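No experiment lies behind these values; they were computed from the predicted model shown. Each chain gets a letter, A, B and so on, in the order the sequences are listed, and its residues count up from 1.
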2 protein chains.
Amino acid sequence: MLRISKLTDYAIVVTAAMAGDPKRIFSAAELSSETHLEPPTVAKVLKMLTRSDLVQSFRGASGGYRLARTPADITVAQLIVAMEGPIGMTQCSVHQGLCSTEAVCALRGHWQQISRAVHAALSEMTLLDMTRPTITHTLVPELKLHNQTTESP
Amino acid sequence: MLRISKLTDYAIVVTAAMAGDPKRIFSAAELSSETHLEPPTVAKVLKMLTRSDLVQSFRGASGGYRLARTPADITVAQLIVAMEGPIGMTQCSVHQGLCSTEAVCALRGHWQQISRAVHAALSEMTLLDMTRPTITHTLVPELKLHNQTTESP
DNA sequence: GCAAATAGTACAATTTTAGTCCTCTTTACC
DNA sequence: GGTAAAGAGGACTAAAATTGTACTATTTGC
Ligand code: FES
Ligand code: FES
């Protein structure tokens with residue numbers, strides 16, 4: 001299914017909520033009730049994002065979190081990388097020894113190429129885009145070109 | 001990490017091996033020794049691919065498997081879909097009820113857009129491409145346009 | 001009929017992921 | 001200075017998904 005983890009999904013929900021008011025400092029509890037996610041989960045996500053410098057944290061009473069940059073400068077790719085590590089689709093992008101003859105195997109280079117393409121696609125969507133009304137920048141005509149033979153349940 | 005499953009990886013290794021001689025009928029055992037993957041694993045993968053009509057199977061003595069189409073007509077996207085189901089990156093692409101207010105949530109549509117972009121990227125790589133020497137069709141200049149701020153170990 | 005080979009299904013073990021909790025440190029405010 | 005609010009960090013449990021394997025049935029060539 002080629003999916004991101006739930007935690008990553010949450011991270012985007014939470015940051016999208018923060019993007020609604022980029023200057024404001026939100027406590028984890030506030031974000032929890034706003035997003036309807038469990039407080040410990042929200043806290044965990046925010047901590048991870050803080051370590052990657054995508055959000056700023058303020059400790060102490062009346063502390064909280066704030067986006068470290070403007071929503072337009074935070075991409076989905078960055079969020080995914082922060083939560084899951086580098087985008088690489090195969091084991092063999094990292095290790096080797098899976099394939100027939102490692103030395104001869106052409107697949108590896110191609111996987112890296114594919115990963116870059118995916119990364120590029122994910123880099124084009126920013127948090128700002130995500131907060132816009134859904135079908136905003138409709139590239140609908142373009143989409144018709146790829147008629148999904150593979151449906152979507 | 002946004003990765004495909006190992007089984008999917010194997011599927012591509014196996015089909016790439018078959019692409020080396022598209023007309024030939026390989027037994028699962030042959031493919032196993034050629035790819036250095038365990039026989040039961042190779043068998044499982046081939047069965048799944050058969051159900052999606054990406055490979056043809058021939059039962060009985062001297063039976064085996066063969067690609068159902070030419071390598072140029074089988075894309076990585078098709079292989080991934082065959083192994084993992086439709087490409088959709090989030091839960092919320094399928095279910096709903098995760099986000100603040102489902103009705104208002106702008107994310108869902110954007111996720112679908114992203115998934116389509118990824119699918120398009122994966123559709124551009126065929127099995128034929130995969131069997132070519134690694135850096136074959138270098139779209140390198142194009143890649144430079146997206147300077148990865150997020151590195152890649 | 002027999003042997004080779006796939007189909008299909010079911011299962012156990014492993015590995016990941018999710019989710020929670022607890023303790024420590026920092027800071028605002030009285 | 002004391003107290004309470006809030007985050008940092010890590011450890012731990014439980015649940016889910018993935019892997020890998022085994023077994024039985026069916027098909028086909030000789
Ligand atoms: S399949 Fe990844 S290096 Fe060969
Ligand atoms: S986050 Fe997916 S629908 Fe809102």
Between D:dA16 atom C1' and A:Lys6 atom NZ, what is the distance in whole Å?
9 Å
With a 4.0 Å cutoff (strictly under), does any side-chain N or O of B:Ser62 reach OP1 or OP2 of D:dC30?
no
Side-chain N or O of A:Ser5 less than 4.0 angstrom from OP1 or OP2 on C:dA18?
yes
Integer-rounded Å distance: C:dG19 C1' and A:Met83 CE:
13 Å
From CE of B:Met48 across to P of C:dT6 the rounded distance in Å is 17 Å
Less than 4.5 Å apart, any side-chain heavy atom of A:Thr15 and any of A:Leu49?
yes
Classify the nucleic acid contact of A:Ala28 as base, sugar-phosphate or nothing, counting any heavy atom under 4.0 Å across all strands shown.
sugar-phosphate
For the backbone of B:Thr126 and the side chain of B:Asp129, can you confirm whether one donor and one acceptor N or O come within less than 3.5 Å of each other?
yes
Taking 4.0 Å as the cut-off, does a side-chain nitrogen or oxygen of A:Ser57 come that near to OP1 or OP2 on D:dA6?
no
Expressed in angstrom and rounded to an integer, what is the separation of B:Gln56 atom CD from C:dA5 atom C1'?
16 Å
Single hit among B:Leu46, B:Val42, B:Val45 for side chain to side chain contact (heavy atoms under 4.5 Å, CB included) with B:Tyr10:
B:Val45
If we ignore hydrogens and angles and just use 3.5 Å, is the side chain of A:Glu84 paired with the main-chain N or O of A:Val81 as donor and acceptor?
no
By nearest atom, which of the nucleotides D:dT19, C:dT20, C:dG8 is closest to the B:Leu7 side chain?
D:dT19
Is there a side-chain contact between A:Arg3 and the phosphate of D:dT18, meaning an N or O under 4.0 Å from OP1 or OP2?
yes
Looking only at side-chain N and O atoms, does A:Tyr65 come under 4.0 Å of OP1 or OP2 in D:dA8?
yes
Could you tell me whether the phosphate oxygens of D:dG7, OP1 or OP2, come under 4.0 Å of any side-chain nitrogen or oxygen in A:Ser27?
no
On DNA chain C, more 5' by nearest nucleotide between A:Pro39 and B:Phe26 is B:Phe26
With DNA chain C as reference, determine whether A:Gly60 or B:Arg51 sits nearer its 5' end, using the nearest nucleotide of each.
B:Arg51
Side chain of A:Tyr10 only, heavy atoms from C-beta on: which candidate in D:dA8, C:dG19, D:dG29 is closest?
C:dG19
Considering only C:dG19, C:dG8, D:dA8, which nucleotide approaches the side chain of B:Lys47 most closely?
C:dG8
Could you state the interatomic distance from CZ (A:Arg69) to CD (A:Gln78), rounded to the nearest 0.5 Å?
4.5 Å
Using atom NZ of A:Lys44 as one end and atom P of C:dT17 as the other, report the distance to the nearest whole Å.
11 Å
Tell me: CG of A:Leu46 to P of D:dG7, nearest whole Å?
8 Å
Rounded interatomic separation in angstrom, taking CD1 from A:Ile4 and P from C:dT17:
13 Å
Check: B:Leu31 main-chain N/O paired with B:Thr35 side-chain donor or acceptor under 3.5 Å
yes
State which of D:dT21, D:dA8, C:dT17 makes the closest approach to the side chain of A:Arg59.
D:dA8
B:Leu31 CG to C:dA5 C1', in whole Å, measures 13 Å
